[in-house]
Amino acid sequence: YDVAFNQGGEKGGVHLSLNYLDHTGAVIKSSYNRITTRLNSNYNFLDGRVTIGENLAVTKGSRQWSDDGFGGTVNDLNRVMKPILPVLTEDGRFAGPPGTGFDDRDNPAGLADDNQYDRINNVKIFGSVYADVKIIEGLNFRTSYGIDYDNLYTRDLFPTYNRGFLSNATAEMRLSQIHQTNTVFNNTLTYTKYLDEVHYLSVLVGTEAIENNINSFSASAKDFALETNDYFQLSAAAGERTSSGSQTGFSLFSYFGKAS
């Protein structure tokens, strides 16, 4: 689904759009949905001597996180599962390799069912603002600030199961989150003067500041009395719990210039 709005005139214009995607995957119980908003605008003032503009894109998405099982991913297992094995047992549980003569290859339908509540949720913000000022004839100043932000949240569940001789006796949940921010602040001053019809003088000086920051954490918990999507919470675990976190980043500031 797409919706867009445009407005323009002598002084500038604006464009706003909204996009929504809701997709069901080829693997059972898998999906991907995303909503994106974009805003672009620019306006000029003082008879065109000052121009201010911006561009912004915000995206929020969610998709299934698909773990590997014994023998590979769901798609891998679809290709190697022996056709003699049923999908379900007589009592309605997911079947698995019964014993001697069968490889340790998981049931792809059972693995897809285990992964149905595993999600990767992300929010991304990308944009910049700028201003352009014509100070005097030939002398121009431009400043801009840009940001690229990512927020990635992962929830991974490992329920108990018993499929043939393959099993998991302890339910587990793993969570992780990463915040990454990149910013760029740029300033330039440009002077251009035509000496005659052929020759001209052009001088550019500027500064640029770049900063990167990454924060991350992860946590896990084991042994849950109930194995429902709502009950899988860190505080509900009866067994071992772990957590960790980190932070890193860098910054760079530079001067530059050019004359011709």
Side-chain angles (χ1 to χ4, degrees), residues 1-21 32-61 63 121-153 177-216 246-260:
Y1 303 95
D2 292 282
V3 177
F5 169 79
N6 294 281
Q7 183 272 329
E10 294 182 359
K11 296 293 185 178
V14 60
H15 170 80
L16 174 65
S17 66
L18 180 68
N19 171 267
Y20 178 71
L21 172 68
Y32 174 66
N33 60 74
R34 182 194 67 208
I35 184 169
T36 302
T37 301
R38 291 184 174 88
L39 177 64
N40 301 319
S41 64
N42 66 86
Y43 290 93
N44 62 78
F45 308 92
L46 303 177
D47 295 325
R49 299 182 66 87
V50 178
T51 301
I52 297 176
E54 58 77 32
N55 62 83
L56 176 67
V58 180
T59 301
K60 183 178 186 297
R63 65 180 176 88
N121 299 324
N122 70 285
V123 175
K124 183 177 183 66
I125 301 174
F126 182 82
S128 65
V129 294
Y130 70 90
D132 197 303
V133 182
K134 298 177 181 178
I135 302 174
I136 58 175
E137 183 178 353
L139 183 62
N140 191 80
F141 173 74
R142 182 181 177 88
T143 182
S144 65
Y145 181 83
I147 185 170
D148 184 359
Y149 170 77
D150 285 286
N151 179 353
L152 188 67
Y153 173 78
Q177 188 159 20
I178 298 176
H179 298 272
Q180 177 169 308
T181 306
N182 296 287
T183 60
V184 179
F185 183 40
N186 189 284
N187 296 280
T188 58
L189 189 65
T190 306
Y191 178 71
T192 302
K193 181 176 178 60
Y194 285 88
L195 304 178
D196 52 41
E197 294 182 356
V198 178
H199 301 91
Y200 70 92
L201 172 68
S202 178
V203 178
L204 180 147
V205 294
T207 63
E208 185 173 71
I210 299 174
E211 186 172 353
N212 169 272
N213 191 15
I214 302 175
N215 289 279
S216 64
S246 64
Q247 180 177 1
T248 186
F250 66 87
S251 60
L252 175 68
F253 186 82
S254 59
Y255 299 91
F256 57 89
K258 182 181 72 171
S260 61

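Below, all heavy atoms of this structure are taken into account, side chains as well, without hydrogens, waters or symmetry copies.
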Working note: R34 + N19, criterion side-chain contact (heavy atoms from CB on, under 4.5 Å); need CA distance, chi angles, decisive distance, verdict. CA-CA 8 Å; R34 182 194 67 208; N19 171 267; 3.4 Å; yes
L189/V203 under side-chain contact (heavy atoms from CB on, under 4.5 Å): CA gap, chis, key distance, verdict: CA-CA 8 Å; L189 189 65; V203 178; over 6 Å; no
Passes side-chain contact (heavy atoms from CB on, under 4.5 Å), V14 versus F5? Steps please. CA-CA 8 Å; V14 60; F5 169 79; 4.2 Å; yes
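Not a single side-chain hydrogen bond (donor to acceptor under 3.5 Å, both in side chains) links K258 to another residue, sequence neighbours left out. For N151, the side-chain contact (heavy atoms from CB on, under 4.5 Å) partners are V123, Y149, Q177, H179, not counting sequence neighbours. By the side-chain hydrogen bond (donor to acceptor under 3.5 Å, both in side chains) test, S260 pairs with no residue at all, sequence neighbours left out. For the salt bridge (charged side-chain N to carboxylate O under 4.0 Å, His left out) test, residues two or more places apart in sequence or in another chain that qualify with K124 are D148, D150. Here N187 pairs with T143 under the side-chain hydrogen bond (donor to acceptor under 3.5 Å, both in side chains) rule; sequence neighbours left out. For S144, there are no side-chain hydrogen bond (donor to acceptor under 3.5 Å, both in side chains) partners at least two apart in sequence or on another chain. Contacts of I214 classified as side-chain contact (heavy atoms from CB on, under 4.5 Å), with partners at least two apart in sequence or in another chain: I178, Q180, N212, T248. Contacts of E137 classified as side-chain contact (heavy atoms from CB on, under 4.5 Å), with partners at least two apart in sequence or in another chain: none. With sequence neighbours left out, F256 forms a side-chain contact (heavy atoms from CB on, under 4.5 Å) with N186, T188, L204, E208.
Annotation: the span from R38 atom CZ to L18 atom CG amounts to 10.5 Å, rounded to 0.5 Å. In this structure, OH in Y32 is found 6.5 Å from CG in L21, a value given to the nearest 0.5 Å. Atoms CG and OG1, on L201 and T192 in that order, are 8.0 Å from each other to the nearest 0.5 Å. Note that CG of L16 is 10.0 Å distant from OG of S41, once rounded to the nearest 0.5 Å. The OH atom of Y20 lies 11.5 Å from the OG1 atom of T36; values are rounded to the nearest 0.5 Å. Separating the CG atom in N215 from the OG1 atom in T181 is a distance of 8.0 Å, to the nearest 0.5 Å.
Around atom CD of Q7, more than 12 heavy atoms belonging to other residues, nucleotides or ligands sit under 6.0 Å away. For Y1, the OH atom is loosely surrounded, since the number of other residues' heavy atoms within 6.0 Å does not exceed 12. Shown here is N6, whose CG atom has more than 12 heavy atoms of other residues, nucleotides or ligands within 6.0 Å.
Here ring-ring contact (aromatic ring centres under 6.0 Å, His included) pairs that include residues 190-214, with residues two or more places apart or in two chains, are Y194-Y200. Residues in residues 48-60 take part in no salt bridge (charged side-chain N to carboxylate O under 4.0 Å, His left out) pair, two or more places apart or across chains.
Minimum heavy-atom separation, G12 to N44: N-ND2, 4.3 Å.
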Solution key, residues 125-135 side-chain donor-acceptor pairs under 3.5 Å, sequence neighbours excluded:
| residue | atom | partner | partner atom | Å |
| --- | --- | --- | --- | --- |
| S128 | OG | N55 | ND2 | 2.9 |
| D132 | OD1 | N140 | ND2 | 3.0 |
| D132 | OD2 | R142 | NH1 | 3.4 |

